[in-house]
Each structure stands twice: as C-alpha cells, then as structure tokens.
Amino acid sequence: MTVTPLGIPRRLLEFTIDGEVARVPEGSTILDACRAAGKDVPTLCEGDTLRPKNACRVCVVEVEGARTLVPACSRKAEPGMVVRSGGERVRHSRRIVLELLASSVDLSTTPRVAGWLKEYEAKPDRFGPAAARLDEEPRVDNDLYVRDYGKCILCYKCVDACGDQWQNSFAISVAGRGFGARIAVEHDAPLTDSACVYCGNCVEVCPTGALSPKREFDMRAAGTWDESRQTETTTVCAYCGVGCTLTLHVQDNEIVGVTSPHDNPVTHGNLCIKGRFGYQHVQNRG
Amino acid sequence: MDLHFGDSKPTDEERAAVDALLGPPESSWEGADRTDADLRWARGGRAARDRRDLLLPGLHAVNDRIGWISEGALGYLCRRLTVPPAEAYGVATFYAMFSVEPRPATVLHVCTDLACTAAGAAGLCAGVEKGAGPGVHVERSPCLGLCERAPAALAIRAGDPVRTAVAAPATVTAALLAATAPDSAPEEDPPALAVPQAGQEGLTLLRRVGVVDPASLDDYRANGGYTALRHAFALGPAGVIREVTDSGLVGRGGAAFPTGRKWQATASRPEQPHHLVCNADESEPGTFKDRVLMEGDPYSLVEAMTIAAYAIGAHRGHLYLRGEYPRALARMEHAVAQARARGFLGADVLGQGFAFDIEIRRGAGAYICGEETALFNSIEGYRGEPRSKPPFPVEQGLFGRPTVENNVETLVNVLPILTMGAPAYAAIGTERSTGPKLFCVSGSVDRPGVYELPFGATLGELLQLAGVRENLRAVLLGGAAGGFVRPDELGIPLTFEGTREAGTTLGSGVVMAFDDSVPLPELLLRIARFFRDESCGQCVPCRVGTVRQEEALHRIVARTGADAAGDVALLREVGRAMRDASICGLGQTAWNAVESAIDRLGAYR
C-alpha cells in the first residue's frame with residue numbers, strides 16, 4: 001500500500017498577484033502561487049527537487065514596497081503582499097537576463113528558452129560580435145557523461161545535487177569568481193580523478209544540457225537524437241532491493257536514456273550509477 | 001560524507017604551516033601516518049566538520065608560508081578539516097590573494113584604482129613590471145586603502161613569518177625595494193599623518209589618533225579609554241540599546257541602517273548564541289577611515305565591540321579584517337591580546353561576570369566579502385557569496401544565529417554616545433543624520449586624509465579644508481558604488497538626507513576629487529573593470545552585466561555624441577536590470593557611478 005504523507009495542516013494565506021486574490025498554504029513561494037494561478041513564470045535555476053538558489057534571476061517579480069525585484073522561486077508569500085508578475089519593469093529585467101545569458105552561453109539545448117527569448121523580445125546579438133562568451137570545449141573524460149561548460153549558466157543545481165541536498169559526494173563546486181567562475185572538481189582535474197560516483201544526479205537536474213549522458217551527447221553529435229521518436233516505459237530497477245522506479249527512454253527499440261520520476265517518493269528523481277547508466281545488458285541481443 | 005583525496009602529498013613546509021594553525025593531527029583520519037589503532041576506530045569526522053570555519057585561516061597559513069597553495073597542501077588541509085577538496089578548491093580560487101598555481105614567494109600588489117591612477121599608477125606599474133626580477137610577481141590590484149598616499153604598492157613575501165612592506169607614495173625604486181627587501185624598506189608613515197586634523201580640539205572619533213601610543217593599553221585608558229564600557233555596565237544591556245537608539249546612530253558602512261534597531265532585533269531573538277561581527281573588510285575604492293582608526297586607536301574598537309556584545313548578549317565577536325591591511329592586523333592582534341591579558345576580554349570582563357572574546361579573521365582579497373552575508377559565508381569557510389535576504393542577519397546570520405554586523409566606524413561611535421549621553425550626541429549634526437562623520441578625502445587635494453566633521457558640513461567646506469586644487473572637474477562621492485557630482489554642486493550638505501535629495505549618495509564617506517588630468521572615460525572604465533573583477537559570479541545580471549558594461553565602455557572610450565549614443569542606451573538598459581535584479585548591493589550599485597557621470601557630468605556627450 002502506498003502511504004501518501006499529508007504533512008502538518010497548513011493555514012491558507014491571502015495576497016494578490018496582478019490584482020487577483022491568491023490563496024496559498026503558508027510557506028508557499030510566490031512561484032508556487034503564480035503557477036497555481038496558471039501564470040507562466042520563466043525559471044532556469046529553480047528545480048523541483050532542490051532548494052531554490054535564486055541565481056539566474058529570470059523569475060523576478062515586483063513586490064510592492066520592495067526596493068528591487070524579488071525572485072519568485074525563493075521568496076515566500078506573505079499575507080497582504082501585492083505582487084506583479086508582469087509589467088514593464090519585470091519584463092525588462094527578464095529580457096536583459098535572457099539576453100545576457102544567450103549572448104554568453106550556448107542555450108541551444110535549453111528547453112523552452114527559445115520561446116522565452118521570443119516572448120520577451122530578447123536580442124542577444126545587440127552586444128556585438130566581440131561580446132565575451134564562455135566558449136568551452138566539451139569535456140569527454142569518462143564513458144558515462146559529458147560536461148559541456150560552454151552551455152553552463154552556473155545555476156548551482158549540479159553542485160547542490162552532488163552535495164548535501166542529495167548525493168553527499170561533494171565532487172564538484174564552483175571555482176573561480178565572476179565571469180571566470182566555472183563548475184569544477186578540485187584542481188580542475190578530470191572527473192576520473194575526483195570523488196565522482198557517476199550517479200548522474202547532476203545530469204538529471206541540469207537545465208541546459210551542459211551535462212548530458214554520453215549516449216545522448218554522441219547521438220546529438222551524430223544528428224540521430226530525436227525526442228519526438230522516443231517513448232517512455234516505466235519499470236522498476238532490478239539491480240538491488242530498493243526498487244527505484246525507472247523511466248526508460250526508448251528510441252528505435254533501443255534504450256537511449258534512463259531517468260526516474262521527480263515526484264517518486266523513493267528516488268525524488270535520483271538514481272545510482274547502475275540504475276542510470278547500466279542498461280546495456282537489456283539490449284544485448286547477440 | 002565519503003571524501004576522496006588525491007595522491008598528492010604536502011611538503012614538510014606545507015604540513016608545518018597547517019599544523020602550526022591546527023596542531024598536530026591525532027590520527028590517520030586527520031592526515032597523520034596510519035597506525036594500528038586507526039584500523040579499529042574512525043574518529044574526527046564530525047568534530048572536524050565543526051571546524052570548517054578554519055578553512056580560510058588554513059589557506060592563509062599555507063599561502064603565507066609558501067606563497068601559493070599546491071594540490072598537496074590543499075589536500076592535507078582538507079583531511080585535517082574534513083572538507084571536500086572540490087569545495088576547498090572553490091574557496092581558494094575565490095580570493096584574489098591566493099594562488100593555486102606556482103608563483104614567486106614575493107607578490108607586489110600595485111594599486112591601479114582611481115586615486116592611484118590619478119596619481120600616476122600607470123607609469124609606476126610599467127616601471128615595476130620592467131624592473132621586477134623573476135623572484136617578484138607583480139599584481140595589478142584594486143584599491144589598497146592607501147589613497148591618501150597614492151600611488152601605493154604593497155609587497156608580501158611568503159615565509160615564516162610572512163613579511164610585508166608598504167611603499168606609499170611609491171616610486172618604482174621604493175616599490176621594488178619593498179618587494180626585494182621588505183625587512184629593510186623604510187618604515188611606513190604613522191597613521192596620524194593620514195589625519196590632517198590630528199591633535200586638534202573638538203575631534204570625537206579621531207581624537208586619540210596620533211595622540212596615544214596605539215600599542216599601549218595604559219595610554220588608551222589615560223586618554224579616556226574604557227569609561228564607555230563602565231557606563232555600559234552601569235546602564236545594563238537594555239539601557240545601552242536605548243542610548244544607541246536615542247542617539248540616532250545609523251550604520252556608517254554605506255547602508256545607513258539604524259544601529260539601535262539592529263541591536264534590539266538581535267537582542268530579542270530567543271535563539272542562542274548571538275554573534276557580533278565587526279566588518280573591517282574596508283574595500284570600497286577610496287575608503288581608508290577604518291584602517292586609520294584601527295592603526296591609530298585600536299583599543300577603541302576592542303572596547304566598542306565589547307559594549308556591542310554586552311548589549312546584544314553575544315559572547316563571541318569576529319573582527320573580519322581586510323587582507324590588504326597588514327599593519328591594522330598587527331595592531332588589532334596586539335590590542336586584543338593585551339586586552340585579554342589584562343582582563344578587558346575573556347571569561348569575566350572587568351569583573352562584571354560578562355564573558356566576551358574577539359577572534360580576528362583575515363580577508364583574502366574580495367570586495368564582495370564586505371557585503372554582510374557574504375562575510376558570514378567567508379568566515380564560515382565557504383565561498384564569499386551573498387545569501388538571499390530574507391532571512392536577515394538579525395534572524396539568521398553567522399553560523400545561522402542572530403547576528404549584529406557593524407562597520408568599524410559605526411561601532412567606534414558608540415563610545416561617545418555612552419560617555420556624553422544620547423541627547424548630547426544627537427545634538428551633533430543634523431536632525432536626521434546625527435553625530436560626527438569621517439570622510440576619506442583623496443585625489444586632487446593638497447591635504448588628503450581622513451577628516452572628521454559633524455554631519456551637515458557641505459562638500460565645499462570639506463574640500464576647502466583638504467585644500468582642493470585648481471581645475472576641479474568632478475567629485476566622486478561614496479566610491480565606485482557611489483556617484484559623481486559637478487564642481488558647481490559643492491553646496492551639497494554631507495548628510496544622508498542631503499545627498500539623497502541631491503540624487504547622489506554619501507556611501508561610506510569617500511570624497512575623491514578629480515581634475516582634468518585623467519580623462520573621465522578612463523576613470524569609468526577602471527570602475528567598470530573593478531566591478532567585473534569583483535563580481536562573485538553568483539547571479540546573472542551582475543556576472544554577465546558587469547562584463548557587458550565594461551565592453552560597452554571600452555567601445556566608447558574615445559567616442560562622443562551620436563557615435564556613443566547606442567552604447568549609452570545599452571548601458572542604461574543593462575544597468576537598470578542590474579539594479580533591479582541582482583542579488584546584492586554589488587550588482588545593484590555597479591552602474592551608479594557610470595550613470596552619474598553620464599547624467600551629471602555629461603560624459604560621452
């Protein structure tokens with residue numbers, strides 16, 4: 001029998017978003033409330049399985065009385081708050097943030113970002129051809145996943161997933177400062193010399209495809225990766241007794257990737273090296 | 001936590017540097033050689049993790065002894081403290097004064113910031129870079145806080161002990177002498193020379209600078225020292241907070257938050273322990289008042305911190321001191337040790353049953369660590385990145401506990417409040433900006449230095465006092481995060497409300513005068529480069545925005561009118577988003593000075 005934890009009953013609090021009354025349980029963020037009200041707020045560094053880092057600043061909204069805009073993903077709703085999730089001021093900051101990101105990072109594999117760039121009329125080219133970019137070569141130093149930091153927006157999600165929020169491996173951190181900051185293991189060594197356990201939980205939370213399984217990376221390079229042709233099959237991992245739920249991503253009758261549902265009470269989207277990467281035996285047809 | 005350490009071993013020298021700080025390791029779990037006993041039990045991990053805040057002092061210990069931090073040294077320090085090597089690497093690479101690449105033992109920091117640029121830093125740099133031998137690494141540095149003696153250079157030679165020497169005002173020969181022979185370089189000017197008013201009647205905050213021997217506790221007491229603390233014990237904690245609140249004292253670091261309200265909020269929190277942090281990470285270009293106070297009158301800060309801790313119920317205070325201030329560090333360390341030895345700090349301060357002690361932490365070259373929450377992270381051994389607020393420090397500050405963080409000048413103001421009483425103190429200055437204020441005057445003036453004036457004096461009066469020179473082109477108020485004003489605006493009253501009404505800011509009290517010898521676009525480019533270099537990189541508007549700002553200012557450095565209009569518009573748009581959407585004050589103010597130069601001074605027109 002599945003037991004769904006109900007938690008402590010929480011009071012509802014009332015505030016307004018864009019002139020409409022919103023009622024959300026105490027402790028909810030402005031983003032929760034916006035989503036419940038059916039408003040689309042762009043997010044990049046926010047993750048459903050992680051604590052908000054509010055580093056990307058693309059989800060900013062206006063709160064009456066606040067000197068600056070506030071990040072919707074981490075600011076808790078308060079009774080009587082007056083929030084504007086759109087408007088010129090909010091749209092301006094979101095547009096600039098998207099332009100700054102798109103002009104410095106390769107966002108070609110970031111889901112939904114093309115739509116946001118259009119929606120906010122962002123023109124990343126306006127900074128000119130000489131605008132500094134990350135321009136990092138993909139790092140292929142192991143057989144399981146690839147780090148392409150030319151696509152990294154420094155959202156800290158991989159660091160948080162590797163650290164005390166999930167895996168407790170602490171294999172990676174942000175190194176350097178400012179525009180030169182990068183995700184790195186100690187001394188910027190290859191992954192194989194680090195504390196990495198190849199669980200791939202960093203890959204799971206990466207919002208831009210800067211981290212991708214080697215298989216997906218190779219297929220994209222070969223031009224054969226096609227999500228529209230992929231089906232998803234839910235099963236249970238057979239390796240150990242924990243019984244993690246797996247979602248097999250299948251293209252042309254071949255498993256091309258394995259994930260776990262983020263709302264699964266056992267995994268919260270996390271897996272280990274075997275569950276995430278150890279699927280070759282299934283299709284060993286020889 | 002299952003930590004993975006590489007195979008690199010520390011050298012004996014590196015091991016000795018770390019052990020000198022942490023003591024010898026107790027078991028192989030902490031980095032000692034393995035014995036049979038280690039195979040039977042594991043120990044140290046949890047206890048060691050509680051010492052994470054020793055990571056920054058540990059990095060300093062290695063960098064001070066060797067001059068850079070090798071893989072082996074970092075690995076050993078991580079074993080000693082049970083810190084993941086990746087995180088320690090992230091911390092070490094955050095600070096400008098550390099290097100994870102080999103470099104010569106001597107590093108010569110040559111200031112290229114605003115005041116020094118106006119005083120010929122470019123020529124100094126070129127000469128020094130040409131003349132420095134292979135044993136000296138020359139580093140172009142942001143403001144060293146020696147603006148009254150611009151141009152300035154600071155030499156640091158790694159060893160046991162580490163040696164430092166300051167050349168200011170520096171010539172190429174003097175700077176190279178400081179780097180090659182720090183021990184025989186001429187003694188630095190005494191701090192009193194940075195106070196043109198030293199010894200004059202009517203000073204409050206600066207009255208002891210140049211008058212007392214900064215090394216002597218007795219001299220300090222003979223000049224009115226420790227009377228404020230006795231008053232404080234007579235008033236009780238609530239009474240002290242009431243006096244500070246009634247005095248109208250607001251923070252002098254730039255944000256101007258009411259000090260009494262901050263103390264009250266922390267004192268009333270039920271969580272224990274409470275912490276006191278003194279922010280002496282004075283890094284705003286053009287600011288050097290806290291350095292002069294700490295060098296010239298160190299015991300006053302010890303006394304003021306004791307009073308603040310007593311008021312808020314803290315028993316441990318941290319003094320976070322800028323890494324580029326070796327003399328202030330030495331004087332404060334001496335003062336704290338003396339006060340401890342004489343019972344002015346420790347388990348029973350003045351026999352009043354109040355326990356308090358001060359720990360000094362040294363910064364390592366990061367402007368952002370002057371941001372209050374970034375400073376907490378830095379002390380705790382994490383990267384000095386600002387936290388998002390709320391929660392505010394009075395609720396969850398250092399080590400997650402209620403914390404009061406005050407600037408040096410703010411704290412030192414508490415002494416006259418208690419000795420003269422809140423009403424008398426509040427009578428100084430204006431109604432909304434009470435008390436005396438320190439101003440750091442530098443640039444195109446005959447007598448640069450720290451000036452003390454009551455709030456309400458005008459900018460013109462201050463510049464007159466400092467001997468402003470002919471051809472004044474602009475005055476920068478508040479430093480790189482502040483704003484420029486025109487020479488015809490010298491009537492601006494130097495108060496928080498007066499500068500706000502004039503559309504500018506008082507900031508931390510920087511007043512930098514520029515004549516027409518340095519082109520304005522060059523100054524703006526230097527400010528932009530400063531913010532690009534000092535952005536921590538956490539949030540997008542600041543990390544990328546400061547780069548785009550510098551690029552645009554580069555493009556228009558020699559352009560005006562229609563040729564510059566497109567980039568000026570771009571700067572405005574990016575600047576507005578930085579101000580609105582950045583996490584902390586650094587990004588929010590990174591565009592202020594450039595904007596004011598465009599709007600008030602007509603730059604690029």
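Residue numbers start from 1 in every chain, and the chains themselves are labelled A, B, ... in the order their sequence lines are given, proteins ahead of strands.
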For this session: Evaluate the side chain to side chain contact (heavy atoms under 4.5 Å, CB included) criterion for residues Gln538(B) and Lys53(A): first the C-alpha distance (whole Å), next the side-chain angles of each, then the deciding distance (0.1 Å), finally the verdict.
Result: CA-CA 9 Å; Gln538(B) 192 180 195; Lys53(A) 179 70 189 167; 3.3 Å; yes
Exercise. Is Glu550(B) close to Phe179(A) at the side-chain level, that is, under 4.5 Å between some pair of heavy atoms?
Worked result: no
Exercise. For Asn54(A), is it the side chain, the backbone, both, or neither that has a heavy atom closer than 4.5 Å to a heavy atom of chain B?
Worked result: both
Exercise. Between Arg543(B) and Arg177(A), is there a donor-acceptor pair closer than 3.5 Å when you use the side chain of the first and the backbone of the second?
Worked result: no
Problem set entry | Residue part contacting chain B, namely of Asp188(A), when any heavy atom lies under 4.5 Å | both
Exercise. Which heavy atom in Asp580(B) sits nearest to a heavy atom in Thr68(A), and how many Å separate them?
Worked result: O-CB, 3.4 Å
Seminar exercise, completed: Applying a strict 4.5 Å limit to non-hydrogen atoms, the region of Gln588(B) in contact with chain A is side chain
Problem set entry | Which portion of Ala131(A) sits near chain B, non-hydrogen atoms under 4.5 angstrom | both
Exercise. Do you know which of Val540(B), Val544(B), Val547(B) makes side chain to side chain contact (heavy atoms under 4.5 Å, CB included) with Ser104(A)?
Worked result: Val544(B)
Problem set entry | Among the listed options Gly6(B), Ser582(B), Ala552(B), the residue most often paired with chain A at heavy-atom distances under 4.5 Å | Ser582(B)
For this session: Could you give me the CA-CA distance, side-chain angles and deciding distance for His187(A) and Leu74(B), then say whether side chain to side chain contact (heavy atoms under 4.5 Å, CB included) is met?
Result: CA-CA 10 Å; His187(A) 312 292; Leu74(B) 193 73; 3.6 Å; yes
For this session: Examine whether an atom of Arg95(A) lies under 4.5 Å from a heavy atom of chain B, and if so say whether it belongs to the side chain, the backbone or both; otherwise answer neither.
Result: side chain
For this session: Taking the side chain as every heavy atom from C-beta outward, state whether Arg57(A) and Ile583(B) have any atom pair closer than 4.5 Å.
Result: yes
Exercise. With a 4.5 Å heavy-atom cut-off, do Val83(B) and Phe170(A) have their side chains touching?
Worked result: no
Exercise. So what's closer than 4.5 Å to chain B heavy atoms on Ile172(A): side chain, backbone, both or neither?
Worked result: backbone
Exercise. Considering only heavy atoms, which portion of Arg75(A) lies under 4.5 Å from any heavy atom of chain B: side chain, backbone, both, or neither?
Worked result: side chain
Exercise. Any side-chain donor paired with an acceptor under 3.5 Å for Arg548(B) and Ser103(A)?
Worked result: yes
Problem set entry | Residue, of Cys536(B), Ser388(B), Gly384(B), Ala92(B), that accumulates the most heavy atom pairs under 4.5 Å with chain A | Cys536(B)
Problem set entry | Contacting region of Ala66(A) [heavy-atom separation from chain B under 4.5 Å] | neither
Exercise. With only heavy atoms counted, which part of Val60(A) is less than 4.5 Å from chain B, the side chain, the backbone, both or neither?
Worked result: side chain
